[in-house]
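I have placed the structure first, in the form of structure tokens, so that the comments after it can refer back to it.
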Amino acid sequence: MPKMVILDGNSLANRAFYALPLLTTSDGRPTNVLQGFLTMLFRLEQEQHPDYWVVAFDKTKATIRIEQYAGYKAQRKETPEGLRPQFDFLKEILAELDVPMLELAGYEADDLIAAVTKQAEAQGMEVQVYTGDRDALQLISPKTHIYLTKKGISEVECYDEHALWERYQLRPLQIIDLKGLMGDTSDNIPGVPGIGEKTALKLLWEYETVEGVLANAEKVSGKKLQSNLKEYADQARLSKTLATMLTEVPLPFSLENFIYRRPQASKVLPALNKYDLRNVARIWQERYARDGEAKKDIPEVALEQWPVRELSEEGWLAQIEQWRTSKVPLTLACRYEGTGLQGGHWLEWGIAVSGETFKLPREEGDPRVVEAWLGLLESEEVPKILADTKMTALLLGNENKTLKGVAFDLSLASYLIQSSRTKFAPLDLVKEYVPALDAFDSVTDEAAALAQVAPKYQAEIEALGLGDLLHKIEEPLSFVLVQMERQGIGIDIQQLQHFGEGISTTLKQLEQEIYALAETSFNINSPKQLGTILFEKLGLAAAKKTKTGYSTDAETLEELRSAHPIIEKILDYRQLNKLMSTYVNGLLAQEKDGRIHTTFQQTVTATGRLSSTEPNLQNIPIRLEQGRQLRKVFHPTEPGYLLLSADFSQIELRILAHYSQDPLLCESFALGQDVHTRTAAEVFGVSLEAVTSGMRRSAKAVNFGLVYGLTEFGLSRDLGIPRKESKFYIEQYFKRYSGVKQYLENVVAQAKQEGQVRTLLNRLRRIPELYHANRVQRQLGERIAMNTPVQGTAADIMKIAMIQVAEGIKSYQAAVLLQVHDELLLQVAPEDLWQVAHILKDTMENAFPLSVPMTVDCKVGPNWYDLKSYLPKVKKE
DNA sequence: ACGTTCACG
DNA sequence: ACGTACGTGAACGTC
């Protein structure tokens with residue numbers, strides 16, 4: 001049954017005005033009604049999911065009732081000063097929210113509500129009326145429920161026939177009689193003098209209606225009451241008439257005008273911000289985040305069943321030929337066994353095109369048909385719409401076929417629209433527009449569904465300006481990642497095992513020493529058991545706590561280093577155990593034919609970076625020498641080849657310089673200075689020559705922090721200095737680098753306005769945290785707003801570089817093996833080293849020119865540990 | 001399934 | 001008074 005929700009605008013606004021303290025915008029406009037009304041509106045929207053909704057308002061002209069009774073509402077006070085303007089503000093915001101409003105000259109909101117209710121009931125709808133006015137209880141019916149505001153405004157109480165009976169022992173229409181007898185001072189309905197709610201109820205319980213009461217006036221107890229009923233009989237009848245909500249209103253339009261449309265974030269947030277309605281914006285944003293971002297203003301798609309066309313072998317050949325020449329986009333679904341790199345292979349294809357589907361199974365298929373089909377998949381000319389380009393390309397690659405002609409990748413599109421999404425399976429992609437869908441019945445069903453939602457994704461990509469990012473960066477990048485994953489990186493298993501044996505020996509020793517010092521054996525890997533030993537048995541002072549108990553992380557233990565000899569052993573144990581379990585054992589488990597093939601995830605991070613799994617080759621140790629040794633086991637897959645690494649120098653700070661145009665930061669890069677040294681000179685007010693290593697270290701931490709959204713706490717912790725000192729550094733920094741300060745403030749302010757930020761290449765990240773009820777979360781949102789454009793732009797630039805590098809080195813004996821955010825690792829034949837290194841450096845430095853120069857440092861060597869600088873930086877004139 | 005810890009940029 | 005630097009993935013223990 002469709003659901004119609006009707007709101008009594010005037011009544012609710014009044015309620016809100018009196019229920020809430022008088023809040024104002026910074027320039028003094030009152031907003032408490034807006035806050036109260038909208039809070040309630042959003043709550044009911046979320047809880048009730050109306051199919052139709054409308055807010056009714058009084059029209060401030062003479063109403064029919066004044067013709068009936070000159071005194072009607074005469075006693076009513078002037079609308080209070082603070083309330084009146086809020087009606088206009090409210091209507092303005094409701095318009096932005098696409099909430100239909102209804103007002104009609106000569107009628108009160110009450111009457112409009114009654115008329116809409118009756119009409120909606122007649123059309124078989126369920127009706128909910130939200131009001132603070134008990135008069136509306138007269139509308140209750142099996143189909144209509146009234147929601148009365150409780151104490152505040154956002155709390156409501158639902159009345160149906162049963163609840164009404166519980167409360168008053170009256171039937172809905174008797175509410176009119178109740179008012180006829182007792183009157184209503186606020187509307188100046190007189191009623192009968194001496195009759196309040198108590199007496200009126202008693203009379204109605206006995207005699208049902210005003211007419212019944214008047215007819216039996218002699219029988220009622222109480223002389224004064226009897227005489228009043230006689231004297232004011234006409235007034236009682238008139239009062240009853242005045243209290244009756246009119247249902248015969250000539251509504252100038254149909255209920256279709258009240259169809260619910262999901263408010264659009266792009267209109268809602270600016271409208272709320274205009275009135276400083278931060279709390280309301282927060283509620284909206286939370287709801288919007290919970291519901292799933294992309295659903296916001298997207299209509300659901302009604303999936304059609306597309307018929308499956310059966311073809312003979314000759315028919316298939318003819319059909320494939322027809323697709324080859326017609327070049328209509330084919331939407332593909334693929335069922336397969338195994339996974340991309342583990343020799344997985346396709347089982348059947350679902351093909352959807354122009355309202356029809358086709359199923360091509362590998363098994364019964366005529367080999368000629370399969371060959372022809374694979375030829376089509378390899379054709380650049382035939383456009384394909386796919387759910388997962390990378391997996392498809394890997395599967396085809398397993399039989400030496402090269403996927404070409406990808407016109408639209410739905411997973412990547414969805415990721416660009418909602419970078420926070422976690423599920424990109426075909427069913428998830430379709431469910432975004434067809435929430436009720438549970439499963440696909442067949443591969444043709446899946447292809448048809450994908451084909452029907454694809455235009456929605458395409459439209460959304462266009463609307464958000466993400467087309468170039470999708471087609472020029474993410475889609476081409478998929479193919480580069482496929483090459484890299486297939487190539488893998490060489491790993492020296494024997495060396496790794498040897499490395500592991502050394503660690504094992506040390507670990508066993510440390511284990512025994514720890515047990516001896518603790519005078520008991522326990523599981524050192526259990527933070528819980530370790531905490532008990534350290535802080536209870538050994539009585540060490542617990543500094544931090546976690547949710548579940550004592551904190552035993554390295555930072556905490558470091559503080560205790562001098563307190564007990566066991567601490568140092570534990571820290572060593574932890575470090576070695578990490579190397580052993582995650583790296584030695586982890587990598588050994590992943591090795592195949594002397595190589596490691598990672599999987600690069602292209603739709604995981606919120607910022608646009610890649611991630612690497614099974615194994616993660618983006619977090620191989622480097623900072624500590626002991627772990628760094630591990631890099632010795634990584635080498636080229638081809639004998640005699642060299643590893644060539646290239647990393648962007650200070651890419652994030654350069655992007656910050658570009659964004660902020662801060663003169664000092666830009667100059668520093670333009671002159672090719674050491675940026676940390678320059679920062680130290682500025683912050684400490686000394687010459688470049690006078691910068692000490694300590695000063696540089698502090699400045700470096702500040703520079704790092706900047707990119708993360710600098711905090712006093714973070715900096716003080718990072719440098720191990722008091723908050724006061726870190727505060728001083730930050731102040732000094734922003735004094736000198738005021739352009740950076742200005743930029744960071746601007747990006748946060750803009751993010752709060754728009755609820756999102758973008759990178760230089762237009763990548764989008766929505767930031768619901770900015771509107772979270774929790775302050776800590778909101779501050780996180782601000783740091784995200786500062787960090788994402790910088791980190792995300794770096795990711796964009798690296799992706800462009802990867803595509804160009806892969807293309808640029810094609811004719812050389814070289815391959816890209818890994819990407820580690822700001823580093824590319826290649827292997828190259830010695831004879832091609834010089835040329836490939838030049839191409840690499842040149843391509844990366846010019847992938848996306850900024851207003852400051854980009855510098856790439858190259859290194860070369862036999863393995864990932866022994867790398868020496870190559871192509872030393874050329875001083876620019 | 002979740003929390004803690006720690007490896008990387 | 002609180003809880004904090006941004007972005008990830010893996011191993012392990014605990015529930």
Side-chain angles (χ1 to χ4, degrees), chain A residues 419-420 522-531 544-557 570-571 573-587 589-590 598-601 604-624 626-628 630-631 647-653 656 701-719 723 726 730 744 757 765 767 769 774-792 794-795 798 818-824 864:
Chain A
S419 52
S420 59
F522 65 101
N523 187 344
I524 307 168
N525 288 321
S526 160
K528 194 179 170 191
Q529 294 180 35
L530 181 61
K544 271 196 305 184
K545 271 192 188 165
T546 66
K547 281 180 198 168
T548 52
Y550 306 110
S551 176
T552 66
D553 62 14
E555 198 190 334
T556 310
L557 296 187
I570 291 167
L571 285 165
Y573 177 91
R574 280 253 181 91
Q575 212 181 93
L576 290 176
N577 193 56
K578 179 81 173 177
L579 287 177
M580 192 66 202
S581 56
T582 302
Y583 297 102
V584 176
N585 294 334
L587 290 172
Q590 299 279 348
T598 185
T599 301
F600 287 105
Q601 307 290 344
V604 167
T605 71
T607 54
R609 277 187 174 182
L610 298 176
S611 82
S612 158
T613 59
E614 293 179 286
N616 181 353
L617 292 185
Q618 289 182 323
N619 72 345
I620 302 301
I622 189 168
R623 291 172 188 170
L624 299 174
Q626 198 166 26
R628 190 175 191 152
L630 249 164
R631 294 188 166 222
D647 68 274
F648 285 111
S649 157
Q650 306 295 347
I651 185 169
E652 296 192 342
L653 281 179
L656 184 64
V702 171
N703 280 333
F704 261 102
L706 276 175
V707 173
Y708 299 150
L710 203 55
T711 65
E712 288 168 24
F713 173 86
L715 186 62
S716 70
R717 200 195 44 173
D718 205 48
L719 286 173
R723 286 282 281 269
S726 65
I730 293 170
L744 293 173
V757 290
R765 178 174 183 180
I767 314 181
E769 291 88 345
N774 177 331
R775 189 180 59 106
V776 176
Q777 285 294 306
R778 289 199 298 280
Q779 288 172 339
L780 171 64
E782 293 179 6
R783 295 193 297 270
I784 290 172
M786 293 188 252
N787 173 265
T788 297
V790 172
Q791 188 184 122
M798 174 55 106
L818 298 177
Q819 185 251 46
V820 191
H821 309 307
D822 64 356
E823 172 189 6
L824 277 185
W864 208 4

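The basis for the numbers below is simple: all heavy atoms, side chains too, and nothing from hydrogens, waters or symmetry mates. Below, chains carry the letters A, B, ... as their sequence lines are ordered, and counting in each starts from 1.
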Spatial distance of atom CZ (A:R783) from atom OG1 (A:T711) [nearest 0.5 Å]:
6.0 Å

Consider only side-chain N and O atoms of A:E769 and A:Q779, and report whether a donor and an acceptor are under 3.5 Å apart.
no

For [X], which contact category applies under a 4.0 Å heavy-atom criterion: base, sugar-phosphate, or nothing?
X	answer
A:N523	sugar-phosphate
A:E614	sugar-phosphate
A:R723	base
A:V604	sugar-phosphate
A:E823	nothing
A:L610	nothing
A:A701	base

Of the options [options], whose atoms approach the side-chain atoms of [X] most closely?
X	options	value
A:A554	C:dA5, B:dC6, B:dT4	B:dC6
A:R717	C:dA5, B:dA7, C:dG13	C:dA5
A:D553	B:dC6, B:dT4, C:dG7	B:dC6
A:T613	B:dT4, C:dA11, C:dG9	C:dG9
A:A606	C:dG13, C:dC2, C:dT8	C:dT8
A:N787	C:dG7, B:dG9, C:dA10	C:dG7

[X] side-chain N/O to [N] phosphate OP1/OP2 under 4.0 Å:
X	N	value
A:Q779	C:dA5	no
A:N619	C:dA10	no
A:S611	C:dG9	yes
A:K528	C:dG13	no
A:R783	C:dC6	yes
A:S581	C:dA10	no
A:K578	C:dC12	no
A:T582	B:dC6	no
A:R623	B:dC6	no
A:S551	B:dT5	yes
A:S612	C:dG9	no
A:T711	C:dT4	no

Tell me whether the side-chain N or O atoms of A:R574 pair up with the base of B:dC6 as donor and acceptor below 3.5 Å, since no angle test is needed here.
no

Tell whether A:R765 reaches the base of C:dG7 with its side chain through a donor-acceptor pair below 3.5 angstrom.
no

Any side-chain heavy-atom pair from A:T552 and A:K528 closer than 4.5 angstrom?
no

Rounded interatomic separation in angstrom, taking [atom1] from [X] and [atom2] from [N]:
X	N	atom1	atom2	result
A:I620	B:dG9	CD1	P	11 Å
A:R628	B:dA7	CZ	C1'	14 Å
A:L530	C:dC12	CG	C1'	13 Å
A:F704	B:dG9	CZ	P	9 Å
A:L780	C:dT4	CG	P	10 Å
A:D822	C:dG7	CG	C1'	13 Å

B:dT4 and C:dG3, which share atom name P, separated by this distance in whole Å:
13 Å

Which base, if any, makes a Watson-Crick or G-U wobble pair with C:dT14, both distances under 3.5 Å?
B:dA1

Toward the 5' end of DNA chain C, by each residue's nearest nucleotide, A:Q791 or A:F713
A:F713

Identify, with sequence neighbours excluded, every residue that meets side-chain hydrogen bond (donor to acceptor under 3.5 Å, both in side chains) alongside A:K545.
none

For A:T613 and A:T599: C-alpha separation, side-chain torsions, deciding distance, then whether side-chain hydrogen bond (donor to acceptor under 3.5 Å, both in side chains) applies.
CA-CA 5 Å; A:T613 59; A:T599 301; 4.6 Å; no

A:F522 atom CZ, over 12 foreign heavy atoms within 6.0 Å:
yes

